[in-house]
> 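Structure below; questions to follow.
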Amino acid sequence: MSFDPVQLVRGLVPILHRERDFIVVGKPAGVDVGQLPGFDAPGLAELLPRIYPDETFGEPVNRLSRYESGVLIFSSNEGFREGIRSSWNAEKVRQDVVVVVRGRMKKRSYTLRSPVREAVLDGAASERAIPGRKGKTEVRRAVASGRTRTAGSKVKGSAETAPSGARIDVEALHVGDRRCVVRCRTAMRSMHALKAGLRAAGLHPLGDTRGGTRGLRDRPERACVHLRRVVFEHPGTRRTVTLIAPDPPGFAEVADGVEPLERVFDKALARRIECLLDDTTDAFRVLCGDAEGLPGVNIDKFADVMVIHLLDGRNTPNRATRVALARLLHRTFGASAVYQKIAPKDRSHLLAEEAEALVTDRPLAGRSTDPIVCVREQGLCFEAHPLDPLAVGIYLDHRQNRARVRELSAGKRVLNLFAYTCGFSVAAAAGGAAEVVSVDQSRKALAWGKINFALNGLISPPEAAASETNDGDGPVGVSAASKETPGDDPSAPRARYAFYPDEVFEFLRRADRRARKFDLIILDPPTFARMKKPKREFHVEKDLPELIRESLPLLDKGGTLFVSTNYRAMSGAKLVELIRAGARSRKLRILSAPSLPADFAPDPHHHKAVLLRAD
C-alpha cells in the first residue's frame with residue numbers, strides 16, 4: 001500500500017473554490033491560519049504554497065482560530081481583500097456557523113441579538129480583560145457568576161451588552177443530553193461576537209474559555225466550531241458569491257459525550273502538516289493522546305512501522321478501539337505493520353522478563369516486519385528498534401535540537417555526554433565538527449551509535465563493527481584522523497570521532513586533568529540512572545548542578561552548552577535555576593529555550609531544553 005503524504009495533506013486542506021481574485025480552502029481544526037509571533041510552527045499561509053505549489057494564494061481575507069474549521073479565503077488582490085473586509089466589518093457578509101454548545105434549548109430555533117460592544121468586535125480586542133475594581137482585572141460577562149440560563153430566555157443588560165445590529169438565528173441540529181449542535185446564521189463580524197451572543201443566551205460553546213466559571217475550566221482544543229457557509233457580494237463584479245465547506249465528522253458524537261476517533265486523528269494530522277510534507281523525515285509522533293483527545297495513548301511512526309504506546313497504569317482504550325485505531329493508521333499511512341506496546345511508568349526497576357512482556361511481535365494491523373528499521377531525519381539516517389520494550393534507539397522529540405546542533409557544529413570540538421546511540425553526535429559530525437567525543441557507560445549503546453555513524457558515511461562499516469577496548473580510559477572504535485588515543489599529553493593527535501564507554505563523571509574528571517577543551521557540550525541526562533564507577537544513583541533534579549559544575553571546566557571561553565531534560569516534573573525555570581546553581585561564578589548567557597517540534601508541542605511538559613553561551 002503506497003503512502004502519498006501530499007495527497008493526504010490535500011485531503012486535510014482541500015481547495016473549495018478558485019477564481020481570478022481569490023482562492024478558498026477548507027481549513028481543518030488544529031492548525032493556525034498564519035505563523036504566530038514568537039513561535040516556530042508555520043501556519044496555513046506558510047504551508048499552502050508547499051501543498052499546492054502551482055497555486056497563488058496571497059494573504060488570508062478572514063480569520064479562524066487554531067481550533068476552528070471551515071471556509072478560509074485567500075487573495076493576492078489587495079482591492080478584493082479590502083472590499084471583503086469592509087463588507088465583513090459592515091456586517092454584510094452572511095455566514096452559517098455550526099457549533100457544539102453546552103446548555104439546553106427551550107425551542108428548536110429562535111433569534112438572538114449581538115450583546116458585544118463595537119469596541120470588542122475585532123478578535124484582538126475581544127480577548128483583552130477589562131479593568132475591574134480595586135486594581136484587579138476581570139472579564140465582564142453577560143451572565144453573572146457563570147450561571148447558565150436556558151436558551152431563549154431574556155438576558156438583562158450588562159457591561160458586555162451594546163447591540164451592534166447583527167442578529168443570530170439559532171437552530172438545533174442535534175440535541176444531546178447536556179450538549180447540542182446548533183447552526184447559527186448571522187452577519188456578525190467575528191467569531192468572538194458570535195460566541196458572546198451564544199453565551200448570553202446560556203449556550204456555552206465547547207472549548208470557550210470566556211464563558212464564566214465553567215468556561216474558564218474548559219480547554220480550547222475541545223472546541224467544535226465550523227464556518228460552513230459564507231455569502232458575500234464580490235466587490236468588483238457585484239455578483240453574489242456563495243462558498244461552502246463540508247461539515248467535519250464527529251460533531252453529533254461530541255454532543256452525545258463521545259470524542260470520535262476520526263475527529264481526534266484528523267486534528268492530530270492537521271497539526272503535523274509540516275511533518276507530513278518533510279520528505280527528508282519519516283519518523284515522528286503522530287499523536288500525543290493525553291493532550292489530543294485519546295487519553296493513555298501515544299503513537300509514533302518509524303518509517304513504515306507504527307507503534308501504539310499504551311501508557312501503563314492509565315485508563316487506555318479497549319481492544320476494539322485499539323484495533324480500529326491500528327486499521328486507521330494502516331490505511332492512512334500505508335504502514336507495513338502497526339504494533340502496540342506498553343510504556344511503563346518506571347523503567348529503572350524493570351526486570352528483563354518484565355520488559356519483554358511489554359511488547360508483542362504480532363501486529364494489530366499489517367504483517368510482521370523486521371524488528372530493525374532505518375529511519376530518516378532531515379537527511380540523516382538512524383537505526384531504530386521500534387519493538388524493543390525500552391531502547392528504541394532514537395528520541396523523536398529531539399529532532400529539532402539535533403538540527404540545531406548540526407548548525408552549530410561546523411569546525412567545532414563537540415562533547416556529547418550521556419550519548420546513548422549518538423544521535424546528537426551524528427548531527428554534529430554531519431554539520432562538519434572538527435572533533436566529536438561521545439560518552440556513555442553502555443558499550444551496547446555506543447556500538448549502536450557507531451552503526452549510526454556508518455549509516456551516514458561518517459565512518460566505514462569495518463570501523464563501526466570494531467570493538468577494540470583498552471583499560472576503559474581510552475575510546476572504543478576511534479575513526480579516521482588517527483588511531484591513537486588521547487594520553488596525558490593534551491597535544492597528542494586525536495581521532496576525529498571517539499566513543500568512550502565510561503561513567504560520565506569519571507570521564508569529566510579525567511578529561512579536566514588532561515586539560516581537554518570543547519566548543520560545544522551536550523548534556524541530555526536521564527531522569528534516573530545507576531552509575532557504575534563509583535557505584536551510585538543519578539537523579540537529575542539532585543545531581544544536575546554537580547554535572548554542570550564538572551562539565552564547565554571543559555567548555556572553552558565563548559563555547560556553547562546545550563542542556564535538556566525529559567523529567568516532566570521539572571519546569572523550564574527550574575532547569576535554568578539548577579544550571580545557574582552548578583555554574584557558580586561562571587557566567588552563562590541564555591541564547592534560547594528551544595521549543596518542542598510540532599508533533600510533540602501538544603504536550604508542553606515532554607522535555608525542556610536551554611542553549612547557553614559561556615562568557
> Do the ring planes of Phe265 and Phe333 sit parallel (below 30°), tilted (30 to 60°) or perpendicular (above 60°)?
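Aromatic pair Phe265/Phe333 classed perpendicular.
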> Is the backbone N or O of Trp448 less than 3.5 Å from a side-chain atom of Thr421, with the two atoms forming a donor-acceptor pair by type?
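The answer is no, because no donor-acceptor pair under 3.5 Å joins these two groups.
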> Give the ring-plane orientation class for Phe562 versus His398, where under 30° counts as parallel, over 60° as perpendicular and anything between as tilted.
perpendicular
> Quick check: do Pro602 and Arg271 have side-chain heavy atoms less than 4.5 Å from each other?
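Counting from C-beta outward, Pro602 and Arg271 do come under 4.5 Å.
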> Heavy atoms, side chains only, cut-off 4.5 Å: are Glu78 and Glu59 in contact?
no
> Hey, could you give me each pair passing ring-ring contact (aromatic ring centres under 6.0 Å, His included) that has a residue in residues 576-601? Not counting sequence neighbours.
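Passing the test, one end in residues 576-601: Phe600-His606.
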> Would you say the side-chain atoms of Glu292 pair up with the backbone N or O of Cys288, donor to acceptor, closer than 3.5 Å?
yes
> Using a 3.5 Å distance criterion without hydrogens, assess whether the side chain of Lys608 forms a donor-acceptor pair with backbone atoms of Met570.
yes
> Roughly how far, to the nearest 0.5 Å, is NZ of Lys517 from CG of Leu415?
12.0 Å
> Does the side chain of Val25 reach to within under 4.5 Å of the side chain of Phe74, using non-hydrogen atoms?
yes
> Just verifying a value: how many Å separate Tyr567 OH and Leu575 CG, rounded to the nearest 0.5 Å?
12.5 Å
> Give the minimum heavy-atom separation between Ser551 and Ile521, together with the two atoms involved.
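Taking Ser551 first and Ile521 second, the nearest heavy atoms are O-CD1, 3.6 Å.
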> Using a strict threshold of under 4.0 Å (side-chain N to carboxylate O), is an ion pair present between Arg510 and Glu506?
no
> Counting N and O atoms only, with roles assigned by atom type, does the side chain of Asp282 sit under 3.5 Å from a partner on the main chain of Arg376, one being a donor and the other an acceptor?
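Flag set: sc Asp282 to bb Arg376 pair under 3.5 Å.
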> Has Tyr420 got a side-chain atom pairing as donor or acceptor with Gly393's backbone, closer than 3.5 angstrom?
yes
> Can you find a pair of side-chain heavy atoms, one from Gln441 and one from Asp502, that are under 4.5 Å apart?
no
> Would the distance check show the side chain of Asp4 and the main-chain N or O of Val6 forming a donor-acceptor pair, the cut-off being under 3.5 Å?
yes
> Examine the side chains of Ser442 and Asp440 and answer whether a donor and an acceptor come within less than 3.5 Å of each other.
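Asp440 and Ser442 do not have a side-chain donor-acceptor pair below 3.5 Å.
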> Within this structure, what is the OG-OH distance for the pair Ser438 and Tyr497, rounded to the nearest 0.5 Å?
10.5 Å
> Are any side-chain N or O atoms of Lys267 and backbone N or O atoms of Glu221, one a donor and one an acceptor, separated by less than 3.5 Å?
yes
> I need the Leu555 CG to Leu520 CG distance, nearest 0.5 Å.
8.0 Å
> Does a salt bridge link Asp300 with Arg285, judged by any charged N lying under 4.0 Å from a carboxylate O?
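A salt bridge links Asp300 with Arg285.
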> Is there a side-chain contact between Leu612 and Leu591 in this structure, where contact means two heavy atoms from C-beta onward sitting under 4.5 Å apart?
no
> Nearest 0.5 Å, what's the CG-NE2 distance between Asn566 and His605?
14.0 Å
> Looking only at atom types and distance, does a side-chain atom of Glu550 sit under 3.5 Å from a main-chain N or O of Leu547, one as donor and one as acceptor?
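Absent.
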> Nearest 0.5 Å please: distance from the CG atom of Asp32 over to the CD atom of Glu68.
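The CG atom of Asp32 sits 11.0 Å away from the CD atom of Glu68.
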> If we ignore hydrogens and angles and just use 3.5 Å, is the side chain of Ser409 paired with the main-chain N or O of Lys412 as donor and acceptor?
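Side chain of Ser409 to backbone of Lys412, a donor-acceptor pair under 3.5 Å: no, none is there.
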> Quick one: do Phe538 and Phe418 satisfy ring-ring contact (aromatic ring centres under 6.0 Å, His included)? Show the steps, please.
CA-CA 12 Å; Phe538 174 88; Phe418 300 99; 5.6 Å; yes
> Are His607 and Leu596 close enough that some pair of their side-chain heavy atoms sits under 4.5 Å apart?
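Yes, at least one pair of side-chain atoms sits under 4.5 Å.
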> Using modelled atom types and a 3.5 Å cut-off, is there a donor and acceptor pairing between side-chain atoms of Arg219 and backbone atoms of Ala291?
no
> Under a 4.5 Å cut-off applied to non-hydrogen side-chain atoms, are Leu311 and Asp290 in contact?
yes
> Quick check: do Leu417 and Leu508 have side-chain heavy atoms less than 4.5 Å from each other?
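Yes, close enough: below the 4.5 Å cut-off.
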> Between Asp519 and Arg413 (salt bridge meaning N to carboxylate O under 4.0 Å), is one present in this structure?
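Here Asp519 pairs with Arg413 in a salt bridge, since their nearest N and O are under 4.0 Å apart.
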